[in-house]
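Computed from a predicted model, the values in this text were never measured in an experiment. Positions are given from 1, in the same order as the sequence printed here.
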Amino acid sequence: MRMELLAFLLALPPAAFADKAPAAQAPPQAEAPAEIKIDPGLAAFLKGKGYLAERDGSILRLKTGARLSRFALESTGMRYSGEGLLVRRFDVNGIPLPADEEVPRNRLGRILEALLDMAEAQSASPEEAGRALQALGLPPAHDGVHLLNPDGSATYYGLMLYHGVKKNRQLGVAMSTERLSALMARFTSAYGAAFLAHAPDAAAQALGSAWAGLKQELGKDEKPLSLEPHQEMGEALSSYRTVIGMESDAVKCKHGLGEYRKDLQYSEAALSALTGLRYHSRMVIPGEKPAGAAESAPQKARAPPIPKARLLPSLLRVLDKMSGGTLTSAQFESLVKSFPMGESVWRMGALELWREGLTGKGVKVAVIDQGMTSHPEFNRAVKSRQDFTGFKGNQPEAIHADHVGGTIHALAPDAELRSYKAIDGRLPDNIGAINRAIDKAVADGNQVINMSLGGPMDPNCEMVKKINKYAKEGVLFIISAGNFGGKGILTPSIARGAVTVGALTADSAMAPFSQYGASTDSKGKRHIKDVFMAPGTHIVSTAGNGGYLAMDGTSMAAPHVSGVSALMVQGLQDAAGIADPVAMSRRIKDAMDKTGPRIGRELLPKDAPEDQEFIIVDPVASWRRLSKAYRTFQTS
């Protein structure tokens, strides 16, 4: 009940709090007895399938030499019985059985095929696989999943994709954004089902669907992925470090280059942070610890994490200056997406606004949520933390606020963040806390207020009236639409003065959970609003204690709009010299409305109201419209 309540308040899909274990921890390693008995009938069955059951319990694929260790096999819930048969302790859904039962032969072949595919994929050289994927033009990250590490080596997902391409004997890949997202989801499911849920049948089904998807031609409605081969990332990273280091040495004694020297220093720190960074490093096929192996020595204390998001604008400024604009779009994309939250930066086009000096400097952004905790990425940006709940108990779900704040910081790294804790899961106590937080956030001078929360309250409630009042005074309220599909926009996002934000998938379609439709108040009056759309599925952002996590929801879409809004506020304050907050907020909302492409009616749910539009936020086009309008005004 508590999870459902929090999902309701925070505008998260109910599944957003689901166990993220597939990306967390692989089963521990363990020793196994040297030899086991193999049932002759089982041995004959495996040989007929092209496999060999060895005396140590591992299974060998004769054609390729791929080997599945006994411990990997047992990690899926299967084991050898005393008679040498393969038995399982869980049913097909991973539910414990009252007693071990033999794995049916009509299922065993498909299960072993999948498990050996996973083992064979992991046995490939990550460097070779990474180079092959880059030669095909596949991106370093897609839909919240990194295929490549910053040095260009393949992650678990990259290795699986590389194996799938080889398995289907395709030199090229027909790929769309939808298909690549589906592949990543199936690879996640396969790993989790096999080694965490003890349901290898489900793992086999997921991989079978993945390989079938690679063989199909693109459908007429699929959006082809832009496959542009890019420079080998490991060589590029090394090259960047070398030339920036040489440039840093060259300007140390030069006067008048203070800001450039600082950018060079930050750039070196950013590249150092990327070197050796490994994504999805715990997603490995379990192996066996050699008998008698010594215990590993205690790990040395790691250096404090470097706040990479804040350093990325400096790195891009330096590379722009040194390359003279010769770096290709693919080179920039591979570099930006190498950063943990780089995909959000790339999708929102934030680097184009950074090139104009817009990083959120001098802009105050409020996060009204569960209360941001601590993370090296945003700690320096958070100027205050205030609690309006009075709740002092443990709140492990506060990761939501960190995730929201991290996305804003990734897009506007120089903006000042202020955290207002107004949610602790106790409805209706939170309503008063949210109202008090709104008042304080406005009093503190925040120009942008992010509220990734909502519920089915009356559209005429006090919270809506409060938001409308402050919006007329020039405060930009960015509020998530909700995650229950076509049930009407949630309150307080229904407020006329708010920017209502829905969620996009990786292929810029409306996420199935993103809320739409009209809302009705206590008097039966219909309330409807247009919805601004931003990325909201598989968004990677900060997750307390220095980690990162992918989450879904309009809660994740709203901070994308808050972040780029902060960039445009800075631009209007600095570049255009406009200080009137009412004019600024009105023009920013108008620019996003006028420049954002609409989602076509044919792509919307059939019950979406005809008088409700869904506008994809285009920050670059919005800023061009704003800056052009003010340049014209200033010269006329």
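Between D201 and R107 there is a salt bridge, with a side-chain nitrogen of the basic residue lying less than 4.0 Å from a carboxylate oxygen of the acidic one. Under a 4.0 Å N-O distance rule, the pair E178/K223 does not qualify as a salt bridge.
Without hydrogens or angle criteria, E113 side chain to G109 main chain gives no donor-acceptor distance under 3.5 Å. Side-chain N or O atoms of S58 include none that pairs as donor or acceptor with a backbone N or O of S69 at under 3.5 Å. No donor-acceptor pair under 3.5 Å is formed between the side chain of S81 and the backbone N or O of V87. Side-chain atoms of S153 do not come within 3.5 Å of backbone N or O of G130 as any donor-acceptor pair. At least one donor-acceptor pair closer than 3.5 Å links the side chain of T76 to the backbone N or O of L73. The main-chain N or O of F484 is found under 3.5 Å from a side-chain atom of Q515 such that the two form a donor-acceptor pair. Side chain of S514 to backbone of M510: no donor-acceptor contact under 3.5 angstrom is found. Side-chain N or O atoms of T554 include one that pairs as donor or acceptor with a backbone N or O of G482 at under 3.5 Å. Panel note: side chain R179, backbone Q216; a donor-acceptor pair is recorded below 3.5 Å. With E343 contributing its side chain and V540 its backbone, the two residues share no donor-acceptor pair below 3.5 Å.
Residues R70 and I59 form no side-chain contact, since every pair of their non-hydrogen atoms from C-beta on lies 4.5 Å or further apart. Considering only heavy atoms from C-beta on, Q205 stays 4.5 Å or farther from I111 through its side chain. At a threshold of 4.5 Å between non-hydrogen side-chain atoms, the residues K337 and P139 count as touching. A 4.5 Å side-chain heavy-atom check between V145 and H280 finds at least one atom pair inside the cut-off. Residues L549 and I399 meet the side-chain proximity criterion, which asks for heavy atoms closer than 4.5 Å. Using a 4.5 Å heavy-atom cutoff, the side chains of L68 and M118 are not in contact. Residues I616 and I599 are in side-chain contact: their nearest non-hydrogen atoms beyond the backbone lie under 4.5 Å apart. For the pair D151/M233, no side-chain contact is recorded, criterion being any heavy-atom separation below 4.5 Å from C-beta on.
One side chain, T64 or E120, offers a donor N or O that lies under 3.5 Å from an acceptor on the other. The closest side-chain donor-acceptor pair between Y156 and S281, if any, does not fall under 3.5 angstrom. A donor and an acceptor atom, one from each side chain of Y80 and D39, are nowhere located under 3.5 Å apart. Side-chain contact, H560 with S344: a donor N or O sits under 3.5 Å from an acceptor N or O. When only modelled atom types and interatomic distance are considered, S452 and H400 share no side-chain donor-acceptor pair under 3.5 Å.
Remark: L138 CG to L180 CG distance equals 6.5 Å, nearest 0.5 Å. Rounding to the nearest 0.5 Å places NZ of K49 at 10.0 Å from CG of L112. With values rounded to the nearest 0.5 angstrom, W346 atom CH2 is found 14.5 Å from M348 atom CE. With rounding to the nearest 0.5 Å, the separation of CG in N149 from CD in E127 is 9.0 Å. Rounded to the nearest 0.5 angstrom, L148 CG and Q134 CD are separated by 5.5 Å. We find the CZ-CD distance between R347 and E333 to be 11.5 Å, quoted to the nearest 0.5 Å.
Taking the side-chain hydrogen bond (donor to acceptor under 3.5 Å, both in side chains) definition, one finds that S123 meets it with nothing, sequence neighbours left out.
Here the two rings, on F187 and Y191, have centers that are 6.0 Å apart or farther.
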Determine, step by step, whether L42 and R105 satisfy the side chain to side chain contact (heavy atoms under 4.5 Å, CB included) criterion, reporting the C-alpha distance in whole Å, the side-chain angles of both residues, the deciding distance to 0.1 Å, and the verdict.
CA-CA 9 Å; L42 174 63; R105 298 286 167 86; 4.0 Å; yes

Test log, rule side-chain hydrogen bond (donor to acceptor under 3.5 Å, both in side chains), inputs D143 and S181:
CA-CA 6 Å; D143 206 6; S181 294; 2.8 Å; yes

Kindly indicate, with the supporting measurements, whether the criterion side chain to side chain contact (heavy atoms under 4.5 Å, CB included) is fulfilled by E102 and L85.
CA-CA 7 Å; E102 185 180 358; L85 296 170; 3.8 Å; yes

Quick one, H538 with D552, criterion side chain to side chain contact (heavy atoms under 4.5 Å, CB included). Give me CA distance, side-chain angles, the key distance, then yes/no.
CA-CA 5 Å; H538 307 150; D552 297 342; 3.2 Å; yes

Go through the steps for R186 and L207 under the test side chain to side chain contact (heavy atoms under 4.5 Å, CB included), then give the verdict.
CA-CA 6 Å; R186 287 163 184 160; L207 278 190; over 6 Å; no

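Nearest heavy-atom pair, H375 versus G546, reported as atom, atom and distance to 0.1 Å: NE2-C, 3.1 Å. The nearest pair of heavy atoms linking P224 to E222 is CD-O, 3.2 Å. Contact record, A543 with Y548: CB-C, 4.0 Å, taken as the closest heavy-atom pair. Of all the heavy atoms in S334 and P140, the pair that sits closest is CA-CG, 3.4 Å. Annotation for V404 and S555: closest pair CG2-O, 3.7 Å, computed over non-hydrogen atoms. Across all non-hydrogen atoms, the minimal contact from V501 to A534 is CG1-CB, 4.3 Å.
Geometric assessment of R61 against the ring of Y51 yields a negative cation-pi assignment under the 6.0 Å and 45° thresholds.
Relative orientation of the Y279 and H146 rings is parallel, given thresholds of 30° and 60° on the angle between their planes. Using the six-membered ring where Trp is involved, F90 and H198 have ring planes that are parallel, under 30° apart on the 30 and 60° scheme.
Checking each of R89, R79, R88 against D100 for a salt bridge (Lys or Arg N to Asp or Glu O under 4.0 Å) leaves exactly one that passes, namely R79.
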